[in-house]
Amino acid sequence: MDVWWALLYAMLLLGPFLLMQVSSTFKFHFKIFSYCILCLTLSALAVPVCLLRNGGRTVDNMRIIRAFVRTMKYVYGLRFQVKGLENFEVDGPCVIISNHQSILDMMGLMEILPDRCVQIAKKELMFAGSVGLVTYLGGVIYINRKRTHDAKSIMGGVAQAMTDDNLKVWVYPEGTRNNSGDLLPFKKGAFHLALQAKVPIIPVVYSSFTSFYDKKKSLFTGGTIKVEVLPKIDISELQEEDIAGLTERCFNDMRQVFFRLSGKPYTPIKQSSSRQ
Ligand SMILES: CCCCC/C=C\C/C=C\CCCCCCCC(=O)SCCNC(=O)CCNC(=O)[C@H](O)C(C)(C)COP(=O)(O)OP(=O)(O)OC[C@H]1O[C@@H](n2cnc3c(N)ncnc32)[C@H](O)[C@@H]1OP(=O)(O)O
Ligand SMILES: CCCCCCCC/C=C\CCCCCCCC(=O)OC[C@@H](O)COP(=O)(O)O
């Protein structure tokens, strides 16, 4: 009999806790699901607007996509505090690099996206229904990350297009989403691209999402994201052999700003020693 009483007490004590856990996990997944549905719906609305305004695949469609995506932050209670936007005022093309934490980054990207700017994306995005179609219409450049050789040759073509069509290119040098509260070591594609196109690099840093968005804790609430556009880095004097140093410099500079914006103490590490 005592065992039954003990079980009853345990259920009464643990029940609400378990229910809360289940409901917070459910709420998290529901919010992510709703985000995807919203992206698919807005993309489906944006596609005909892009086609009617600009006829087909062109970077001019990015202005339309940007206008649609900028409305999404209100749905999720996100605010952006942006500093250094004047650093985007460069004459002609450039490579923009930024940290990548989650699919929510699309809102931060579109919040500050300069005109005539396309992004480098994994090719899988092309098959994401209306989202894939709208990214195609906006001029997004797709790469196959599993085939380094193909990715490199596509990036080579991009360097030429940047100067021919006066394009800015946005690259996530971490190469994947990373919500760990730190930066992943940078891949080198963005730096080769800047050197091949002979254009400056503009780093952009977003503060850590972990206080309001954390997959492991099923946390997704509203919050403020601090964004800083850093001064351009001139690469005109650099050669191929300087790429490792340039990558390291950008990684360290951005990591330092990332920790400052996220209100966390900075501890230096070497990008090469943090490679996985
Ligand atoms: C209307 C409502 C809409 C709703 C919302 C929807 C969408 C919004 C619309 C539009 C926005 C779309 C935004 C999409 C964002 C998507 C983000 C992503 O998909 S991130 C993932 C894809 N991106 C990347 O991977 C970019 C970063 N990666 C790289 O740059 C890589 O370097 C690489 C080119 C992919 C190669 O990968 P690898 O793993 O092999 O990298 P390494 O850096 O280790 O390089 C190996 C070796 O090669 C040398 N190298 C690299 N690049 C080059 C080059 N271009 N030329 C010559 N050599 C190169 C490098 O130096 C290494 O050699 P070594 O070690 O000797 O130095
Ligand atoms: C009929 C087909 C239906 C397909 C349904 C697809 C569902 C997806 C719908 C909406 C997703 C909205 C995502 C917005 C764009 C996100 C871009 C992005 O952040 O990609 C992640 C990529 O940077 C890195 O990928 P990994 O972290 O390496 O993985």
Side-chain angles (χ1 to χ4, degrees), residues 32-50 59 61-73 75 95-111 113 117-160 162 169-180 184-197 201 215 240-248 250-251 271-272 275-276:
I32 293 292
F33 178 71
S34 79
Y35 179 80
C36 292
I37 296 294
L38 187 62
C39 284
L40 287 166
T41 311
L42 289 182
S43 301
L45 293 172
V47 164
V49 181
C50 291
V59 65
N61 285 327
M62 271 300 162
R63 299 170 80 132
I64 296 167
I65 299 169
R66 186 172 67 187
F68 272 91
V69 176
R70 279 185 181 174
T71 60
M72 292 172 64
K73 60 178 176 288
V75 179
V95 172
I96 300 168
I97 53 172
S98 80
N99 55 318
H100 191 16
Q101 302 182 63
S102 142
I103 52 170
L104 304 181
D105 280 328
M106 291 315 101
M107 289 183 275
L109 165 77
M110 292 297 167
E111 193 64 23
L113 190 82
C117 181
V118 295
Q119 305 82 18
I120 303 276
K122 59 176 183 180
K123 72 165 180 26
E124 290 82 353
L125 191 62
M126 209 168 29
F127 306 107
S130 52
V131 170
L133 185 53
V134 88
T135 56
Y136 171 81
L137 288 174
V140 168
I141 298 146
Y142 306 100
I143 52 163
N144 185 348
R145 292 178 296 182
K146 291 178 199 113
R147 289 174 182 263
T148 306
H149 182 266
D150 293 0
K152 281 191 218 172
S153 74
I154 288 189
M155 305 274 271
V158 174
Q160 190 59 46
M162 285 175 79
V169 177
W170 191 298
V171 187
Y172 290 106
E174 291 169 282
T176 188
R177 286 165 288 173
N178 162 42
N179 190 218
S180 68
L184 290 178
F186 286 177
K187 307 257 179 199
K188 300 213 180 87
F191 309 96
H192 281 282
L193 179 61
L195 238 78
Q196 282 159 12
I201 296 173
K215 256 186 180 169
E240 184 97 11
E241 58 269 24
D242 301 316
I243 282 187
L246 174 67
T247 310
E248 178 106 27
C250 291
F251 173 78
Q271 127 117 19
S272 44
R275 251 185 201 293
Q276 300 148 331

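Every number for a ligand or one of its atoms is a count from 1 in the order of the listing.
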Examine ligand 1 and decide if any of its atoms is less than 4.0 Å from a heavy atom belonging to [X].
X      : answer
Met110 : yes
Ser43  : yes
Leu193 : no

For the [atom1] atom of [X] and the [atom2] atom of [Y], what is their distance to the nearest 0.5 Å?
X      : Y      : atom1 : atom2 : value
Lys152 : Lys188 : NZ    : NZ    : 10.0 Å
Thr135 : Ile65  : OG1   : CD1   : 7.5 Å
Ile97  : Phe186 : CD1   : CZ    : 5.5 Å
Ile143 : Leu125 : CD1   : CG    : 11.5 Å
Lys187 : His192 : NZ    : NE2   : 12.0 Å
Ile120 : Lys122 : CD1   : NZ    : 15.0 Å

How far is [atom] from its nearest protein heavy atom, and which residue and atom name does that atom have?
atom                    : result
atom 28 (O) of ligand 2 : Thr176 OG1, 2.6 Å
atom 27 (O) of ligand 2 : Arg177 NE, 2.7 Å
atom 25 (O) of ligand 2 : Lys122 NZ, 3.0 Å
atom 19 (O) of ligand 2 : His100 CE1, 3.5 Å
atom 1 (C) of ligand 2  : Gly129 CA, 4.3 Å
atom 15 (C) of ligand 2 : Met106 CG, 3.5 Å
atom 8 (C) of ligand 2  : Ala128 CB, 4.3 Å
atom 11 (C) of ligand 2 : Cys36 SG, 4.1 Å

Counting only heavy atoms, which portion of Val69 has something under 4.0 Å from ligand 1: side chain, backbone, both, or neither?
side chain
Met106 contact mode with ligand 1 (heavy-atom cut-off under 4.0 Å)
side chain
Which heavy atom of [X] sits nearest to which heavy atom of [Y], and what is that distance?
X      : Y      : result
Met72  : Leu42  : CG-CD1, 3.5 Å
Ala159 : Ala197 : O-CB, 3.8 Å
Ser130 : Ser43  : O-CB, 3.4 Å
Met62  : Val140 : CE-CG2, 3.7 Å
Leu113 : Cys117 : CD1-SG, 3.8 Å

Can you list the ligand 1 atoms lying under 4.0 Å from a non-hydrogen atom of [X]?
X      : answer
Leu42  : 1 (C), 2 (C)
Val131 : 6 (C)
Arg145 : 21 (C), 22 (C), 25 (O)
Leu125 : 14 (C)
Ile65  : 9 (C)
Val171 : 26 (C), 27 (C)
Ala46  : 1 (C)
Thr135 : 7 (C), 9 (C), 10 (C)

Does the N or O separation between Tyr35 and ligand 2 drop below 3.5 Å for any pair?
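There is no such contact.
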The one among [options] that brings a heavy atom closest to [atom]:
atom                    : options                        : value
atom 50 (N) of ligand 1 : His192, Gln196, Glu241, His100 : His192
atom 26 (C) of ligand 1 : Tyr136, Tyr172, Trp170         : Tyr172
atom 7 (C) of ligand 2  : Val140, Leu133, Leu40          : Leu40

Does Arg145 approach ligand 2 within less than 4.0 angstrom via side chain, backbone, both or neither, non-hydrogen atoms only?
side chain
Could you tell me whether the side chain of [X] and the main chain of [Y] form a donor-acceptor pair under 3.5 Å?
X      : Y      : value
Asp150 : Asn144 : no
Tyr142 : Tyr136 : yes
Arg70  : Glu111 : yes

Take Met107 and Tyr35 through the side chain to side chain contact (heavy atoms under 4.5 Å, CB included) test and state the conclusion after the steps.
CA-CA 11 Å; Met107 289 183 275; Tyr35 179 80; 3.5 Å; yes
May I have the step-by-step check of side chain to side chain contact (heavy atoms under 4.5 Å, CB included) for Leu184 and His100, ending in yes or no?
CA-CA 9 Å; Leu184 290 178; His100 191 16; over 6 Å; no
Under 4.5 Å between any side-chain heavy atoms of Ser102 and Lys215, yes or no?
no
Compare all side-chain heavy atoms of Val169 with those of Val118 and state whether any distance is below 4.5 angstrom.
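When only atoms from C-beta onward are counted, Val118 and Val169 do touch, with a gap below 4.5 Å.
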Looking only at distances, can you tell me whether any N or O atom of [X], backbone or side chain, sits closer than 3.5 Å to an N or O atom of ligand 1?
X      : answer
Lys187 : yes
Lys188 : yes
Thr176 : no
Ile143 : no

Just jot down the ligand 2 atoms closer than 4.0 angstrom to any heavy atom of Cys39, in number order.
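Answer for ligand 2: 12 (C).
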Is Glu124 close enough to touch ligand 2? Criterion: a residue heavy atom under 4.0 Å from a ligand atom.
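In this structure, Glu124 fails to qualify as a contact of ligand 2 - no heavy atom is under 4.0 Å.
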